[in-house]
Amino acid sequence: MKSASNSQILTIQLSPEDSERLLAEAKRRRVDAESLASMLLHDSLTELNPVSLTDIESLEKLYSWRGKTEILEFLEKYHFLIPVLLEAPDKIYHYFPAKKLYLEVEADSELIDSAQLFLDIIIDGDTDEIIDEALDKEERLSEDWYLPLPYEVRRVFSCGVR
């Protein structure tokens, strides 16, 4: 009797460093590397929480996006950032009226899970006076709004002038 299987084979190529880490962790847990990789992949996929169409539309009205796919994947993983992003423009416009706001995910290629979502406030001009004024406003914004945010938020989200 043949048994039907809905399983699909997925091949993932790891860097030598990640491969070594996976093997070491598998050894520590006393499981084979393939089983550990399957468990980790399953855990990461079940943690994802799709971003609602309403939230996407609201965010698109507030921000320009650099890498929409990466931003949406990031927000699926860190869903708690959505309310922060929805309130941010009101906080920012108090210090930077009518400035253009951009979202972008940047990853540190040297570290796993080290990506951050950046909210860039675009300033006009590059004179010392304009830059100094923007940095002063950025510092006040940070003290009044950004730094009081929970560490969990600040760990994966940054806001600043560019």
Side-chain angles (χ1 to χ4, degrees), residues 1-92 100-122 135 138-139 141-162:
M1 180 191 298
K2 293 182 180 179
S3 63
S5 173
N6 290 335
S7 299
Q8 293 184 357
I9 296 174
L10 174 66
T11 303
I12 299 174
Q13 186 172 1
L14 299 175
S15 69
E17 297 83 16
D18 288 342
S19 182
E20 288 176 19
R21 276 184 248 167
L22 179 67
L23 291 171
E25 183 62 18
K27 184 177 180 178
R28 186 185 74 74
R29 293 185 187 197
R30 296 188 174 126
V31 297
D32 64 282
E34 187 175 325
S35 296
L36 178 60
S38 294
M39 290 185 316
L40 294 173
L41 180 60
H42 177 267
D43 289 349
S44 69
L45 291 175
T46 57
E47 288 177 8
L48 299 181
N49 188 0
V51 180
S52 74
L53 186 56
T54 303
D55 286 337
I56 293 170
E57 290 171 351
S58 296
L59 292 170
E60 286 180 325
K61 290 176 185 172
L62 300 171
Y63 301 100
S64 294
W65 299 36
R66 294 180 179 136
K68 183 175 181 176
T69 301
E70 292 83 4
I71 292 168
L72 290 175
E73 288 172 356
F74 195 85
L75 292 176
E76 285 177 356
K77 188 172 182 180
Y78 302 106
H79 207 266
F80 57 84
L81 290 176
I82 293 173
V84 175
L85 293 173
L86 292 173
E87 80 169 5
D90 287 338
K91 305 295 184 180
I92 292 167
K100 189 118 177 133
L101 305 176
Y102 282 89
L103 293 178
E104 181 175 23
V105 173
E106 292 182 16
D108 185 339
S109 60
E110 309 249 335
L111 300 171
I112 297 174
D113 288 336
S114 65
Q116 276 201 316
L117 179 64
F118 285 88
L119 190 168
D120 294 327
I121 305 162
I122 307 303
L135 292 174
E138 178 186 39
E139 185 175 339
L141 172 65
S142 181
E143 290 171 0
D144 294 344
W145 174 68
Y146 178 76
L147 291 175
L149 291 172
Y151 170 76
E152 178 182 52
V153 171
R154 290 182 287 117
R155 184 177 63 81
V156 296
F157 171 70
S158 292
C159 175
V161 295
R162 190 175 279 207

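Worth knowing before you read on, the calculation uses all heavy atoms, side chains too, and leaves out hydrogens, waters and symmetry mates. For reference, positions follow the sequence shown, starting with 1.
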Beyond-backbone contact of F118 with V105, side-chain heavy atoms, under 4.5 angstrom: no
Nearest heavy-atom neighbours spanning L149 and E87: CD2-OE2, 4.3 Å
Salt bridge (Lys or Arg N to Asp or Glu O under 4.0 Å) between E25 and R29, intermediate numbers included: CA-CA 6 Å; E25 183 62 18; R29 293 185 187 197; 2.7 Å; yes
Side chain proximity check, F157 to V84, heavy atoms < 4.5 angstrom: yes
Within-4.5 Å side-chain heavy-atom neighbours: L75 and D55: no
Minimal non-hydrogen separation, V51 against L72, with atom names: CG2-O, 4.0 Å
Within-4.5 Å side-chain heavy-atom neighbours: V161 and D120: no
4.5 Å side-chain heavy-atom contact, L59 and L86: yes
Beyond-backbone contact of P89 with L101, side-chain heavy atoms, under 4.5 angstrom: yes
Over all atoms of both residues, closest heavy-atom pair of V156 and F74: O-CZ, 3.4 Å
Donor-acceptor contact present, side-chain Q116 to main-chain R155, <3.5 Å: yes
Flag side-chain contact, heavy atom, 4.5 Å: L103 against K68: no
For the student: nearest non-hydrogen atoms of C159 and L141, plus distance: SG-CD2, 4.3 Å
Shortest non-hydrogen contact between R162 and R66, atoms and distance: NH1-NH1, 4.3 Å
Any donor-acceptor pair under 3.5 Å from S58 side chain to T54 backbone: yes
Value rounded to 0.5 Å, distance of CD1 in I71 from CD in E60: 9.5 Å
From I92 atom CD1 to D90 atom CG, the distance as rounded to the nearest 0.5 Å: 9.5 Å
Atom pair NZ (K61) and CD1 (I56), whose distance is rounded to the nearest 0.5 Å: 13.0 Å
Partners passing side chain to side chain contact (heavy atoms under 4.5 Å, CB included) against E152 (at least two apart in sequence or in another chain): F80
From L117 atom CG to E106 atom CD, the distance as rounded to the nearest 0.5 Å: 9.5 Å
Non-hydrogen side-chain atoms of E73 and T69 separated by less than 4.5 Å: yes
Distance-only polar pair, side chains of E104 and W65, donor-acceptor under 3.5 Å: no
Any donor-acceptor pair under 3.5 Å from Y146 side chain to E138 backbone: no
Minimum heavy-atom distance L62-L85, with the two atoms named: CD1-O, 4.1 Å
E143, CD: over 12 other non-hydrogen atoms inside 6.0 angstrom: yes
